[in-house]
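Structure, as structure tokens:
Chain letters run A, B, ... following the sequence lines, proteins first, then strands; residues in each count from 1.
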Protein chains: 2
Amino acid sequence: MEALPKACEVNVAKVTIYDIAREAGVGIGTVSRVLNDHTSVTPETRKRVKEVAKRLNYQPHTYAQRLARRQAETISAIIPFFTNYFFIEVLQGVQDRISQLGYDLVLYGVNNVDQVETYVSRALQRGKVDGILFFSMKLPEKIVPRLRDARLPMVLVDTVSPDFDSISVANVEGAYAATTHLLELGHRSVGMVNAKLVSTPALERLQGYRHALESHGITYSEGLVKTGSSNKQDGFNREAGYEAMEEFIEMGPDMPRAFFVSSDIQAMGAIAALTERGLRVPEDVAIVGFDDIELAKHMKLTTMRQPMYQMGVLAIERLVARMSNPEMEILHTTFSPTLVVRETCGAFMRRRN
Amino acid sequence: MEALPKACEVNVAKVTIYDIAREAGVGIGTVSRVLNDHTSVTPETRKRVKEVAKRLNYQPHTYAQRLARRQAETISAIIPFFTNYFFIEVLQGVQDRISQLGYDLVLYGVNNVDQVETYVSRALQRGKVDGILFFSMKLPEKIVPRLRDARLPMVLVDTVSPDFDSISVANVEGAYAATTHLLELGHRSVGMVNAKLVSTPALERLQGYRHALESHGITYSEGLVKTGSSNKQDGFNREAGYEAMEEFIEMGPDMPRAFFVSSDIQAMGAIAALTERGLRVPEDVAIVGFDDIELAKHMKLTTMRQPMYQMGVLAIERLVARMSNPEMEILHTTFSPTLVVRETCGAFMRRRN
DNA sequence: GCATCTTATGGAAGCACTTCCAAAGGCATG
DNA sequence: CATGCCTTTGGAAGTGCTTCCATAAGATGC
């Protein structure tokens with residue numbers, strides 16, 4: 001049990017450019033030039049250096065590079081964990097694009113609002129990241145000046161602020177389209193299952209719903225918009241949808257026979273409430289959701305599709321654009337959600353008649 | 001349009017420890033000692049330096065620190081994006097714990113198997129990360145030696161290899177418990193909806209199912225295990241569950257009236273297939289799933305719960321332990337899933353009778 | 001054959017920190 | 001008062017790279 005090699009002695013030899021330079025009989029400058037594919041190196045030298053590097057299994061030291069290059073090659077994403085489906089899909093786009101660029105993605109998952117500031121501070125550490133992606137949360141007013149002063153490229157995704165680039169979804173238009181679809185199917189009484197109005201998307205989707213009614217000559221009625229009591233995720237959750245629909249069902253015969261629901265996940269709850277009371281979807285009640293999460297397809301839910309993956313890709317592209325040109329004018333892009341007609345709205349059923 | 005300030009001129013002044021040292025009339029060594037809370041600094045000096053640092057709004061340069069400290073303060077997670085629910089919940093545990101430790105989490109999302117090697121190589125870059133979390137995928141044999149040579153702490157989550165620490169779920173026991181639950185409710189013919197056998201969890205869950213049958217004196221029959229044809233995510237997807245159940249339904253009266261399904265998401269599909277054919281759950285057919293994803297609760301699905309969040313937390317703790325003691329014996333931890341009885345198994349229905 | 005222009009190369013300086021070592025000062029002890 | 005010890009401090013050396021500058025070597029033109 002003696003002379004156990006210490007961990008550090010066993011560790012992989014740390015090969016530096018100095019080792020390569022010595023071994024190849026060149027200077028470190030030349031080594032660096034070869035490894036970074038600069039010009040002004042003869043093919044023979046280039047070849048020799050590359051061979052030595054390979055033989056010694058050279059790995060550049062990431063942080064030494066980043067320090068010398070004055071580049072972080074890293075982007076951080078500040079993202080609320082509760083967004084779930086949306087988050088996953090957008091993040092996939094972000095990841096794929098980032099990975100192509102050879103950048104790293106560092107993830108700051110926010111579970112409660114207080115963490116936002118902590119994570120922003122971390123991301124703002126000098127030289128740490130080249131850019132920030134800020135997701136789905138209202139940007140706290142008090143940190144806006146710090147962010148602006150830091151002059152660090154930042155793109156907001158699924159949220160908006162006049163001071164920064166943003167990628168978002170046209171909630172008003174989407175809600176308008178969803179509601180209009182139901183109206184065009186002949187419904188005159190269309191209810192809305194909404195989320196808490198503290199959230200901007202909820203507010204905007206309500207607006208779109210209301211506009212749609214009014215453009216079709218129907219007066220908006222507060223009594224036909226319900227939210228349920230579950231506060232989790234600002235009301236964008238299944239229970240809230242269930243509860244809201246329960247309330248509607250209690251209205252008895254006056255209950256609307258068509259609903260725009262402000263998210264697919266709430267729609268799942270709403271449909272469950274209906275089914276449990278013996279009401280069939282779409283025969284008795286028509287439903288249109290919002291988001292087009294993966295489950296929507298399986299549930300045959302008619303819904304408004306957000307191009308989540310593309311939003312992620314675009315977010316990175318916008319960020320890169322701003323990185324290379326900080327003086328670029330601030331750009332706000334809104335994607336228009338598209339109506340995906342499946343079965344819960346009853347459109348196909350009607351046509352068959 | 002003249003004399004527009006260049007971006008770099010406007011940029012935040014980069015304050016270094018040299019600036020602080022000059023301003024506070026001390027040496028850089030002292031500044032470093034103060035900022036790192038070392039001993040051997042008089043309270044007055046400490047106070048003065050801290051004040052200057054604050055006044056100048058000093059931010060340490062992350063990468064200079066990491067280079068000098070020979071520590072990455074970063075952990076990377078290599079994770080298949082398709083795991084979805086499981087992934088999100090485990091990652092939440094990982095994130096929370098990492099964040100407490102002041103480490104960064106860099107995410108490598110894998111969309112197809114080839115990417116695994118790319119990402120492993122990146123994570124292996126010298127000095128880049130202090131540890132790796134490898135999720136839910138079979139560790140490719142060919143990279144095991146590289147990984148071992150690198151002597152970089154790595155913990156496998158939801159997958160196993162003899163060479164590395166791992167945190168996983170006792171699939172055999174879980175499947176055994178699930179099947180036993182159905183048997184104890186009086187079923188003699190229990191089918192299984194499984195995923196593709198290329199996946200270890202699928203293999204192990206089949207084993208548990210088989211053991212359970214045999215310990216109850218029932219002979220195992222291959223005909224009662226079906227998989228469906230959808231290959232996505234190794235068969236752990238909704239369509240596959242739907243297809244498998246369709247096949248069962250085609251058996252006619254010989255079809256089992258109870259099923260253990262190897263994942264909740266498949267169970268969703270299976271239930272849909274049953275409902276569409278007019279078969280009620282649990283009145284006509286009993287179902288037990290596996291995972292306890294968020295939707296399971298809403299669907300009232302009886303299932304085997306995996307403690308995903310805790311698995312994430314433990315994964316980080318294990319990683320940290322190995323980082324501080326590389327010679328530690330390799331540890332494999334398996335969490336036992338617990339049976340969550342809801343409605344789809346029919347247990348409550350029975351009791352009511 | 002010489003002046004001029006390229007092109008290739010070595011290595012110092014820089015990036016912003018940590019850490020170690022030597023030195024200085026303060027205090028107690030004999 | 002001299003000696004030894006401890007605390008505090010400054011700053012050189014180190015971390016591993018990139019980049020710039022000066023120089024050397026080779027190519028070109030007349």
Provide the full list of ring pair (Phe, Tyr, Trp, His ring centres under 6.0 Å) pairs with a residue in residues 113-163 of chain B, sequence neighbours left out, each pair given once.
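Ring pair (Phe, Tyr, Trp, His ring centres under 6.0 Å) check on residues 113-163 of chain B returns B/Y108-B/Y119.
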Restricting both atoms to N or O, compile the protein contacts to nucleotides 7-14 of chain D shorter than 3.5 Å, with distance only.
from   : atom 1 : to    : atom 2 : distance (Å)
D/dT9  : OP1    : B/T42 : OG1    : 3.1
D/dT9  : OP1    : B/T45 : OG1    : 2.7
D/dT9  : OP2    : B/T42 : N      : 3.1
D/dG10 : OP2    : B/G27 : N      : 2.8
D/dG10 : OP2    : B/T30 : OG1    : 2.6
D/dG10 : N7     : B/R33 : NH2    : 3.3
D/dG10 : O6     : B/R33 : NH2    : 2.9
D/dG11 : N7     : B/G29 : N      : 3.4
D/dG11 : O6     : B/R33 : NH2    : 3.0

Using a 3.5 Å cut-off and no angle test, enumerate the donor-acceptor pairs between side-chain atoms of residues 31-38 of chain B and protein atoms at least two apart in sequence or in another chain.
from  : atom 1 : to    : atom 2 : distance (Å)
B/S32 : OG     : B/N36 : ND2    : 3.3
B/N36 : OD1    : B/R69 : NH2    : 2.9
B/N36 : ND2    : B/S32 : O      : 2.9

With A/N112 via side chain to side chain contact (heavy atoms under 4.5 Å, CB included) - residues at least two apart:
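Only A/D114, A/Q115 meet the side chain to side chain contact (heavy atoms under 4.5 Å, CB included) criterion with A/N112.
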Contacts of type side chain to side chain contact (heavy atoms under 4.5 Å, CB included), residue A/D96, not counting sequence neighbours
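With neighbours one apart ignored, the set is A/Y309, B/N111.
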Could I get the full list of salt bridge (Lys or Arg N to Asp or Glu O under 4.0 Å) partners for [X], not counting sequence neighbours?
{"X": "B/D165", "result": "B/R322"}
{"X": "B/D130", "result": "none"}
{"X": "B/R70", "result": "none"}

Pairs touching residues 309-321 of chain B that satisfy salt bridge (charged side-chain N to carboxylate O under 4.0 Å, His left out), sequence neighbours left out:
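Found B/R97-B/E317.
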For the helix from C/dG1-D/dC30 to C/dG30-D/dC1, what angle lies between the axis at the first five pairs and the axis at the last five pairs, to 10 degrees?
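Rounded to the nearest 10 degrees, the bend comes out at 50°.
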Not counting sequence neighbours, which residues clear side-chain hydrogen bond (donor to acceptor under 3.5 Å, both in side chains) with A/R146? List them please.
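A/R146 satisfies side-chain hydrogen bond (donor to acceptor under 3.5 Å, both in side chains) with A/S121 once adjacent residues are dropped.
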Pairs under 3.5 angstrom, nitrogen or oxygen only, protein versus nucleotides 22-26 of chain C, please.
none

